[in-house]
Number of protein chains: 2
Amino acid sequence: MAQPKKAASIWDVARLAGVSHQTVSRVVNGSPRVAAATRDKVLEAIAELGYRPNRLARSLAGGAAESVTVLTADTSLYGPEAALRGIEKAARALDWSVQISVLDPADTHSDADIIARLPRAGEPTIIMAHDEPGMRAKQVLLDQQPHAMVAIGPYTAEELAASPWLVGMDDGKAAAEATRYLLDLGHATVHHLAIPTSTGTFGGGKAHRAEGWARVLREAGRPVPEPVPSGWTIAEAFKAVQPLVADPEVTAILCGNDHLALATMRAAHLAGRSVPGDLSIVGFDNTPFSAYTTPALTTVNQDFESVGRGAFELLRHRVDGSIPRPVPGWPEPELIVRETSGPPSS
Amino acid sequence: MAQPKKAASIWDVARLAGVSHQTVSRVVNGSPRVAAATRDKVLEAIAELGYRPNRLARSLAGGAAESVTVLTADTSLYGPEAALRGIEKAARALDWSVQISVLDPADTHSDADIIARLPRAGEPTIIMAHDEPGMRAKQVLLDQQPHAMVAIGPYTAEELAASPWLVGMDDGKAAAEATRYLLDLGHATVHHLAIPTSTGTFGGGKAHRAEGWARVLREAGRPVPEPVPSGWTIAEAFKAVQPLVADPEVTAILCGNDHLALATMRAAHLAGRSVPGDLSIVGFDNTPFSAYTTPALTTVNQDFESVGRGAFELLRHRVDGSIPRPVPGWPEPELIVRETSGPPSS
DNA sequence: ATCAGATAGGTGAACGTTCACACCGGGCGG
DNA sequence: CCGCCCGGTGTGAACGTTCACCTATCTGAT
């Protein structure tokens with residue numbers, strides 16, 4: 001009974017119902033030109049055999065693509081994870097299936113390796129291009145099948161306008177806003193603990209959060225300290241931020257994301273510096289936990305899920321030109337002031 | 001050039017190389033019975049046409065399955081997310097592809113809906129069965145294709161032994177250990193803020209963490225307070241835990257996961273109760289952030305990634321009996337004592 | 001009566017691959 | 001020198017769908 005007996009096909013149903021395979025196909029796909037009596041017979045046969053349509057065959061036979069592959073490097077980051085959720089929801093609603101393939105952050109994947117991850121040539125693909133492997137995958141896909149790929153990443157409004165295959169939020173503006181907020185609070189300057197992308201070491205990877213931050217400092221005529229580079233993990237951030245929290249001159253740190261901010265809070269605590277009394281800390285992304293740390297984290301909210309949804313819609317448009325190009329619509333990143341920021345103590 | 005011109009097939013390569021389609025297939029699949037000269041001709045043709053094999057067709061033609069679908073309800077939970085990562089890594093290593101389908105936590109999915117998510121009948125499937133939608137999906141798949149599914153969930157050693165399609169960690173034991181630890185510290189009793197599964201309201205959902213906790217209290221002859229049910233989100237937990245932190249009699253709380261623990265820490269702080277002075281808090285899962293909260297969270301480490309890997313291996317075994325049944329091997333859940341736990345203040 | 005047009009349904013090819021098997025030539029043991 | 005085996009290759013069917021096109025039957029207006 002638990003034996004893997006072969007699954008019923010459309011032909012089995014057809015035979016049992018006494019109709020042609022095509023008629024079964026029509027019933028399954030809800031075609032209107034089927035007599036009610038016939039439809040019932042077919043449905044009955046379907047139920048009896050436990051027939052379920054085979055999606056692979058369906059796609060093969062030239063039906064719609066109905067499948068996206070998501071290439072990402074790190075699913076444990078809040079941004080990509082939320083974007084993936086957005087993609088999945090949007091895809092689900094249209095009955096598309098979602099494949100996921102995780103790029104190894106350590107490995108430099110060959111072009112062939114990246115291509116081999118796609119189930120077929122021309123597979124619609126969304127790439128999380130926020131780090132090195134993602135950037136590389138983006139480049140490869142852009143060469144191979146520019147019309148069937150979309151990349152999500154941190155880009156400025158100009159870049160987004162210039163590249164029709166790009167989706168992202170201009171978080172430089174939000175970084176600027178956060179920096180200005182800290183300056184207005186009375187801080188002499190603001191330091192920056194940067195996520196890897198923002199160090200600008202990747203091909204094509206610009207440092208938007210860092211740029212927005214630096215711009216405001218320059219405009220305000222403040223010293224622009226060297227950004228402190230951190231890895232993506234909390235442990236790396238904890239290590240990287242040590243010199244910053246040890247320096248009493250440092251009174252405000254803008255962190256590249258909330259994980260880095262958490263590490264900074266921890267480091268500050270261990271260094272005996274009170275937050276926000278001695279040190280103001282601002283995060284980025286509004287990760288779910290950030291409202292519940294003690295003190296609660298001041299951060300920048302970003303709606304990654306909407307970005308994911310937008311990427312999916314854009315992809316559909318690019319794969320099938322007949323679908324109207326979506327207007328990218330989601331809330332701007334927005335500063336959320338909570339408890340880790342305040343005026344300097346002096 | 002960016003026109004989506006049709007992709008090259010095995011036939012195109014065959015024609016260009018002047019061989020049969022079967023020979024191309026052999027080259028692509030690395031069959032040894034191809035003359036070196038022929039192989040080179042074919043490889044050249046492949047390069048020239050930019051041919052990439054079509055996985056859909058490959059599976060259709062009766063080749064190996066080489067594809068898993070993961071059904072999960074909440075990718076933002078650390079456990080499922082880490083397990084998914086483990087599955088993906090293991091699958092990747094064998095060149096399998098991974099599909100993901102997210103069940104709506106709010107919606108009660110019909111059987112048909114759940115089945116419709118699978119790309120084909122008999123699709124190998126892994127279900128994250130830690131919540132209601134997951135439990136339901138598990139049941140449906142168990143009816144439909146018991147030999148091509150595996151469920152991951154919180155189960156006792158006995159259940160795991162009894163159900164050959166189950167993978168999980170016996171976290172009841174770890175919960176017991178944590179409870180005993182708190183008792184040994186001198187607490188009169190330990191309260192429990194429970195994750196949804198542990199409330200036992202789901203069909204088949206047992207309350208292992210809660211059971212382990214209750215058992216130790218009973219064995220020690222301590223009062224067993226009513227577990228406080230919480231939702232999965234931090235916000236829900238924050239609300240649910242209010243009465244607990246408000247009660248000065250409560251000196252120790254075992255939380256169902258680290259998110260709930262974070263909410264409890266926050267609530268305690270706002271209620272003016274110091275941690276661990278007035279209140280000891282123990283979490284569950286060792287979520288990455290938990291080592292960096294202030295104070296750092298005492299919690300139970302669980303290697304979900306290994307569980308994911310184990311689920312994948314078990315699935316392979318079940319789908320293809322010729323593969324040896326893997327011995328589930330991963331580290332036992334283990335208590336990690338950090339800073340949120342200590343002796344009661346009295 | 002007849003014929004256009006709809007309605008219901010069928011037929012065969014195509015999608016890109018693998019599998020089972022048949023074929024051909026040459027080296028080797030008898 | 002015959003037959004056998006084996007390396008190397010081709011042939012045709014199968015996988016489960018959809019698509020394009022064709023054929024009946026029934027309706028109602030001419």
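Protein chains get the first letters and strands the later ones, always in sequence-line order, with residue 1 at the start of each. Hydrogens, waters and symmetry mates are skipped; everything else that's a heavy atom, side chains included, is used.
- Summary of the strand contacts: B/Arg26 and B/Asn54 both lie near DNA chain C, and taking for each the nucleotide with the nearest heavy atom, the more 5' one is attributed to B/Asn54.
- Among the atoms of the strands shown, none is found under 4.0 Å from any heavy atom of B/Ser59.
- Considering only heavy atoms from C-beta on, A/Leu118 stays 4.5 Å or farther from A/Gln144 through its side chain.
- Distance from the side chain of B/Ala57 is smallest for C/dT17 among the nucleotides C/dT17, C/dA8, D/dT18.
- Out of C/dG9, C/dT17, D/dT18, the shortest distance to the side chain of A/Ala35 is found at C/dG9.
- The separation between B/Gln22 atom CD and C/dC19 atom P is 9 Å, rounded to whole Å.
- Note: CG (B/Asn29) to C1' (D/dT9) measures 16 Å, nearest angstrom.
- A donor-acceptor contact shorter than 3.5 Å is absent between the side chain of A/Asp143 and the backbone of A/Val140.
- The distance from atom CD1 of B/Ile10 to atom P of D/dT9 is 15 Å, rounded to the nearest whole Å.
- Mapping A/Pro32 and A/Leu60 onto DNA chain C via the closest heavy atom, the residue that lands nearer the 5' end is A/Pro32.
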(request) For A/Arg55 and A/Asp95, run salt bridge (Lys or Arg N to Asp or Glu O under 4.0 Å): C-alpha distance rounded to whole Å, both residues' side-chain angles, the deciding distance at 0.1 Å, then the answer. (result) CA-CA 11 Å; A/Arg55 253 197 157 132; A/Asp95 209 38; 3.7 Å; yes
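- Among the atoms of the strands shown, none is found under 4.0 Å from any heavy atom of A/Arg39.
- If you take CD1 on B/Ile10 and CD1 on B/Ile46, they are separated by 8.0 Å, rounding to the nearest 0.5 Å.
- Following rounding to the nearest Å, B/His21 (NE2) and C/dC19 (P) show an atom-to-atom distance of 13 Å.
- Taking only side-chain atoms of A/Trp11, from C-beta outward, the nucleotide of D/dT11, D/dT17, C/dG16 with the closest atom is D/dT17.
- The interatomic distance linking A/Arg120 (CZ) with C/dC15 (C1') rounds to 11 Å, in whole Å.
- B/Arg318 places no side-chain N or O within 3.5 Å of a backbone atom of B/Pro124 that could act as its donor or acceptor partner.
- A/Arg58 has its CZ atom 21 Å from the P atom of C/dT17, to the nearest Å.
- The backbone N or O of A/Val102 sits less than 3.5 Å from a side-chain atom of A/Arg117, completing a donor-acceptor pair.
- With distances taken from any side-chain atom of A/Arg33 to the nucleotides C/dT17, C/dT7, D/dT17, the minimum falls on C/dT7.
- Per the geometry, CZ belonging to B/Arg55 stands 12 Å off P belonging to C/dT18, to the nearest Å.
- Counting any heavy atom pair closer than 4.0 Å across all strands shown, A/Thr23 reaches sugar-phosphate atoms only and no base atom.
- Between the P atom of D/dC15 and the CZ atom of A/Arg52 lies a distance of 18 Å, rounded to the nearest Å.
- Side-chain proximity of A/Ala61 to the nucleotides C/dT11, D/dG16, C/dA8 is greatest for D/dG16.
- A/Val19 comes within 4.0 angstrom of sugar-phosphate atoms only, judged by non-hydrogen atoms across all strands, and of no base.
- The side chain of B/Ser25 places no N or O atom within less than 4.0 Å of a non-bridging phosphate oxygen (OP1 or OP2) of C/dT17.
- In terms of position along DNA chain D, the nucleotide closest to B/Ala36 lies nearer the 5' end than the nucleotide closest to the other residue of the pair A/Val28 and B/Ala36.
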